[in-house]
Amino acid sequence: MTNVQVAEVFDLVADILEFQGANPFRVRAYRNAARTVRDLSEPVAAIAADSERKLTDIEGIGDDLAEKIATLVETGKLPMLEKLQGEVPESVLALMRIEGVGPKKAAALHKELGVATLDELRKACQAGKVRELKGFGEKTEQAILHGIDAAKSIEVRILWADADAIAQPLCNYLRQCKAVKRLELAGSYRRARETIGDLDVLVVSPHADEVMDHLARLDDVQEVIARGGTKMSVKLQGGLQVDLRVVEAQAFGAALQYFTGSKEHNVVLRGMAKDRGLKINEYGVFRVRGKKEEYLAGAEEKDIYATLDLPLFPPELREARREFQWADEGDLPKLIELDDIRGDLHMHTNQTDGKATLKEMVEAARKCGLRYIAITDHSRRVSMARGLDPKRLRAQWRAIDRLRDELDDGMIVLKGIECDILEKGGMDLPDDVLAEADWVLASVHYGQKQPREQITERILQAIENPHVSAIAHPTGRLINRRPAYEVDLEAVFAAAKKHGKLLELNANPLRLDLNDVHCAAAKSHGIPIVINTDAHSTDQLGVMRYGVLQARRGGLTKKDVANTRTWAAMKTLLKGG
DNA sequence: GCCGTTTTCGGCCCGACTGTTTTCAGTCG
């Protein structure tokens with residue numbers, strides 16, 4: 001059983017327990033465990049199988065959960081979950097996914113009205129039965145009716161890049177309001193998560209009403225969901241929710257810290273504050289003496305952390321994974337920045353499915369400040385993209401040779417290929433051709449539904465091929481569209497380490513694989529990551545920044561990313577230097 | 001259910017908003 005599967009079991013247990021009204025802290029223990037296991041950089045199955053190690057050494061895993069994990073990885077089942085599933089039909093859990101309906105209301109609906117599905121709930125609302133329940137009313141009934149359709153459509157988190165395209169104009173618009181003195185985006189956008197559920201906008205203003213009125217007047221606002229004295233939520237035309245929060249200047253840092261999250265990071269932080277007799281909320285850090293509270297800090301984010309002798313964590317690290325441990329050890333990594341990138345080793349031209357010519361790509365790369373690039377068009381297996389056979393590939397390389405003679409500023413153009421790993425195993429181009437390349441990416445494009453063992457074996461073979469430099473987009477996922485193929489990444493990491501190969505972090509905002517957790521795992525194995533754009537047009541060279549953000553979330557430094565080096569240093573690295 | 005410890009059980013982050021109440025519970029982030 002994979003970590004993700006174990007995590008899903010624990011999440012489901014938490015859902016059911018919550019519905020049953022179990023101790024909220026017990027529910028939280030399961031949710032924490034789900035998250036911890038999901039974020040773990042190695043399989044829990046490996047830890048469970050290792051007699052030298054204990055599952056209980058994992059933070060948040062005690063004797064009970066360790067036992068359950070062991071059962072899960074051994075048998076693939078959890079008796080406790082099966083028992084719970086017998087008590088609560090799965091369709092009932094869907095009730096809790098309605099906005100405004102939590103475990104208490106869902107339980108009341110189920111118990112009092114016998115409602116077990118969303119359709120039954122709709123009928124109950126239409127019959128006016130819901131409003132008669134204690135704690136419910138007419139408005140709640142309407143809100144539920146309104147929320148049922150939304151609950152039925154799967155929650156869609158939009159790509160960070162798409163959120164960015166909405167967020168920037170929105171901020172510009174809000175800044176036009178004279179009452180806005182300071183403005184910052186917080187939330188998962190600021191933490192640069194690969195997808196964003198909503199936008200959190202934080203504003204300093206002496207006139208909250210003016211700011212809220214200003215936002216309400218925006219054409220793109222479809223609906224005002226809620227509005228109070230300091231807080232307002234609106235839904236934009238595309239469905240994205242924006243939460244606006246107005247605070248005073250002396251609370252700005254505290255609010256920014258608070259609304260940037262993550263929730264888990266904040267829980268740890270507040271716990272630490274409490275241990276010191278302090279209290280942290282969105283208004284500041286306070287010293288608590290009996291009933292009196294003394295304001296210590298709050299205007300700037302760094303002051304919040306400083307009161308706990310903590311460094312200003314980069315937002316990308318605030319996930320309560322390793323950051324507090326790093327801080328404790330004085331070993332917080334200095335994260336990679338976009339300017340550190342020197343080369344881009346994955347891009348296409350119009351010889352296959354790219355839009356631009358070789359020359360145009362080189363020119364665009366130069367404008368991006370890159371010092372070296374690899375042209376890596378598809379190999380022949382990718383017929384849809386008119387993939388290159390040896391003859392056309394060598395012709396492209398001759399064109400690169402001619403272009404090199406024209407380049408006078410030290411820009412290096414490498415002869416590369418994105419060579420397919422065939423369904424039956426083996427590379428799409430013969431070794432003698434690959435041997436002539438400066439840089440070979442190996443990719444899985446076909447046979448993505450094969451069983452785990454088969455796909456893993458194909459990739460391991462590619463890693464063992466002496467001409468292969470790196471594995472491109474190693475999991476093949478397309479965010480919100482296609483799941484990752486089944487692959488034993490631990491085995492891939494081990495092989496890459498053994499054979500001195502690199503792994504790609506594909507910067508395309510739809511791919512972004514390896515993901516943050518995988519990047520952290522690769523780093524712990526000592527495997528260099530190469531961040532590439534996979535550009536199919538000159539514009540797409542700009543996606544590099546998304547890849548860098550993902551790398552930062554994985555805790556990668558300049559040193560951990562291979563293409564921050566010169567090409568000469570990269571070559572040494574590839575030779576196992 | 002975990003954790004820490006004062007080793008056996010109490011505490012576990014904190015506040016805004018809504019709708020239902022008439023002082024607060026539920027939900028959300």
Side-chain angles (χ1 to χ4, degrees), chain A residues 10 13-14 17-19 21-36 55-69 80 95-109 130-144 146-147 186-191 196-202 208 212 224-234 241-247 251 254-255 257-276 278-286 288 293 304 308 320:
Chain A
F10 286 162
V13 168
L17 288 176
E18 192 169 39
F19 177 82
N23 179 343
F25 297 106
R26 187 177 169 216
V27 175
R28 196 166 93 187
Y30 278 98
R31 294 221 190 279
N32 276 342
R35 215 181 60 88
T36 303
L55 286 164
T56 49
D57 287 341
I58 304 170
E59 180 84 20
I61 305 295
D63 290 337
D64 182 272
L65 287 171
E67 176 84 36
K68 291 194 166 78
I69 291 172
M80 174 222 198
L95 302 182
M96 290 196 291
R97 282 180 213 118
I98 299 168
E99 178 96 25
V101 177
K104 296 280 159 51
K105 285 206 167 84
L109 290 165
V130 171
R131 69 182 73 176
E132 291 164 8
L133 293 181
K134 186 172 160 56
F136 292 73
E138 206 166 328
K139 281 195 170 176
T140 307
E141 192 174 79
Q142 287 306 313
I144 288 174
H146 187 247
S188 54
Y189 173 84
R190 184 159 180 251
R191 300 201 312 281
I196 304 299
D198 56 25
L199 282 177
D200 296 291
V201 185
L202 192 63
M212 291 187 191
V224 176
I225 299 168
R227 177 168 173 171
T230 62
K231 197 179 157 185
M232 177 180 187
S233 294
V234 303
Q241 182 169 326
V242 178
D243 294 331
L244 171 70
R245 190 71 178 239
V246 185
V247 299
Q257 192 288 317
Y258 177 83
F259 290 108
T260 296
S262 65
K263 195 172 133 198
E264 291 79 9
H265 176 91
N266 287 353
V267 167
V268 174
L269 197 70
R270 280 150 199 258
M272 290 174 76
K274 205 163 191 178
D275 290 344
R276 298 188 182 201
L278 302 176
K279 186 175 87 171
I280 299 182
N281 58 26
E282 58 260 57
Y283 301 106
V285 184
F286 302 86
V288 185
E293 291 181 356
I304 307 297
L308 295 174

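The basis for the numbers below is simple: all heavy atoms, side chains too, and nothing from hydrogens, waters or symmetry mates. Lettering follows sequence order; numbering is per chain, from 1.
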Participant: Within this structure, what is the NZ-to-P distance between A:Lys274 and B:dG11, rounded to whole angstrom?
Facilitator: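 In whole Å, B:dG11 P and A:Lys274 NZ are 9 Å from each other.
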Participant: How would nucleotides 24-29 of chain B be written as a contact map, 5' to 3', with B for base contact, S for sugar-phosphate-only contact and - for no contact, using protein heavy atoms under 4.0 Å?
Facilitator: --SSSB
Participant: Using atom CZ of A:Phe25 as one end and atom C1' of B:dG1 as the other, report the distance to the nearest whole Å.
Facilitator: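 Nearest whole value for this atom pair: 11 Å.
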Participant: Of the options B:dA16, B:dG15, B:dG1, whose atoms approach the side-chain atoms of A:Met80 most closely?
Facilitator: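 Of the candidates, B:dG1 comes closest.
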Participant: Just the rounded figure in Å: distance from C1' of B:dC12 to CG of A:Leu269.
Facilitator: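 Roughly 16 Å, once rounded to whole Å.
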Participant: Using the salt bridge (charged side-chain N to carboxylate O under 4.0 Å, His left out) rule, pick out the option among A:Arg35, A:Arg191, A:Arg31, A:Arg270 that qualifies with A:Glu264.
Facilitator: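 Of A:Arg35, A:Arg191, A:Arg31, A:Arg270, salt bridge (charged side-chain N to carboxylate O under 4.0 Å, His left out) with A:Glu264 is met by A:Arg35 alone.
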Participant: Rounded off to whole Å, could you give me the CD1-to-C1' distance for the A:Ile69 and B:dG1 pair?
Facilitator: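 Nearest whole value for this atom pair: 12 Å.
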Participant: Here's a test of your reading of the structure: between A:Phe136 and A:Ile61, which maps to the more 5' nucleotide of DNA chain B?
Facilitator: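 The residue whose closest nucleotide sits nearer the 5' end is A:Ile61.
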Participant: Please state how far atom CD in A:Glu59 lies from atom P in B:dC3, giving the value in whole angstrom units.
Facilitator: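 So the two atoms are 6 Å apart, to the nearest Å.
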Participant: For A:Asn32, check side chain to side chain contact (heavy atoms under 4.5 Å, CB included) against everything at least two apart and list the hits.
Facilitator: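 For A:Asn32 the side chain to side chain contact (heavy atoms under 4.5 Å, CB included) partners, ignoring immediate neighbours, are A:Arg28.
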Participant: Going by the rule ring pair (Phe, Tyr, Trp, His ring centres under 6.0 Å), which residues pair with A:Phe19 if we only count those two or more places apart in sequence or in a different chain?
Facilitator: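 Partners of A:Phe19 under the ring pair (Phe, Tyr, Trp, His ring centres under 6.0 Å) test: A:His110.
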Participant: Starting from C1' on B:dC13, measure out to CZ on A:Arg276 and report it in whole angstrom.
Facilitator: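 So the CZ-C1' distance, A:Arg276 to B:dC13, works out to 17 Å.
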Participant: In the structure I gave you, are the side-chain heavy atoms of A:Glu67 and A:Leu55 within less than 4.5 Å of one another anywhere?
Facilitator: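 A:Glu67 vs A:Leu55: side chains apart.
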Participant: Give a yes or no on this: more than 12 heavy atoms of other residues, nucleotides or ligands lie within 6.0 Å of atom CG of A:Asp63.
Facilitator: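 Result for CG/A:Asp63: open.
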Participant: For B:dT8, decide between syn and anti, treating a glycosidic angle within 90° of 0 as syn.
Facilitator: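 Syn, since the glycosidic angle lies within 90° of 0.
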Participant: Given that both distances must come in under 3.5 Å, which nucleotide forms a Watson-Crick or G-U wobble pair with B:dG11?
Facilitator: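 With both distances under 3.5 Å, B:dG11 matches B:dC2.
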Participant: For A:Arg131, give me all partners under side chain to side chain contact (heavy atoms under 4.5 Å, CB included), at least two apart in sequence or on another chain.
Facilitator: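 Result, side chain to side chain contact (heavy atoms under 4.5 Å, CB included) vs A:Arg131: A:Glu138, A:Glu141.
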Participant: Under the side chain to side chain contact (heavy atoms under 4.5 Å, CB included) rule, collect the residues that match up with A:Val268, sequence neighbours excluded.
Facilitator: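 If we apply the side chain to side chain contact (heavy atoms under 4.5 Å, CB included) test to A:Val268, skipping adjacent residues, the hits are A:Met272, A:Ala320, A:Phe324.
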Participant: Could you tell me how far apart A:Phe286 (CZ) and B:dC13 (C1') are, to the nearest whole angstrom?
Facilitator: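 The answer, rounded to whole Å, is 14 Å.
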Participant: Counting only pairs under 3.5 Å, give me each side-chain donor-acceptor contact of residues 224-231 of chain A, with atom names and distances, residues two or more places apart or in other chains.
Facilitator:
from	atom 1	to	atom 2	distance (Å)
A:Arg227	NH1	A:Asp213	OD1	3.0
A:Arg227	NH2	A:Asp209	OD1	3.2
A:Arg227	NH2	A:Asp213	OD1	2.9

Participant: Where the side chain of A:Lys139 is defined as all heavy atoms beyond and including C-beta, which of B:dA16, B:dG19, B:dG1 is the nearest nucleotide?
Facilitator: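 Among the listed nucleotides, the one closest to the side chain of A:Lys139 is B:dG19.
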Participant: With respect to the phosphate group of B:dA16, does any side-chain polar atom (N or O) of A:Tyr283 fall under 4.0 Å of OP1 or OP2?
Facilitator: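 Yes, because at least one side-chain N or O of A:Tyr283 sits under 4.0 Å from OP1 or OP2 of B:dA16.
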Participant: Looking at the side chain of A:Leu65, which of B:dG15, B:dC12, B:dG1 is the nearest nucleotide?
Facilitator: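 The answer is B:dG1, which lies nearest to the side chain.
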Participant: Could you say whether A:Thr56 or A:Gly135 is positioned toward the 5' end of DNA chain B, judged by the nucleotide with the nearest heavy atom to each?
Facilitator: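 Per heavy-atom nearest nucleotide, the more 5' residue is A:Thr56.
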Participant: Side chain of A:Lys68 only, heavy atoms from C-beta on: which candidate in B:dG15, B:dG1, B:dG19 is closest?
Facilitator: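 Among B:dG15, B:dG1, B:dG19, the one nearest the side chain of A:Lys68 is B:dG1.
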Participant: Report which part of the nucleic acid A:Gly261 touches: base, sugar-phosphate, or nothing (heavy-atom distance under 4.0 Å, all strands).
Facilitator: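 No contact.
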Participant: Looking at the side chain of A:Arg270, which of B:dC14, B:dG1, B:dG15 is the nearest nucleotide?
Facilitator: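 Looking only at heavy atoms from C-beta outward on A:Arg270, the closest nucleotide is B:dC14.
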Participant: What is the distance, to the nearest angstrom, from the CD atom on A:Glu138 to the C1' atom on B:dT21?
Facilitator: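 One finds 16 Å between C1' of B:dT21 and CD of A:Glu138, rounded.
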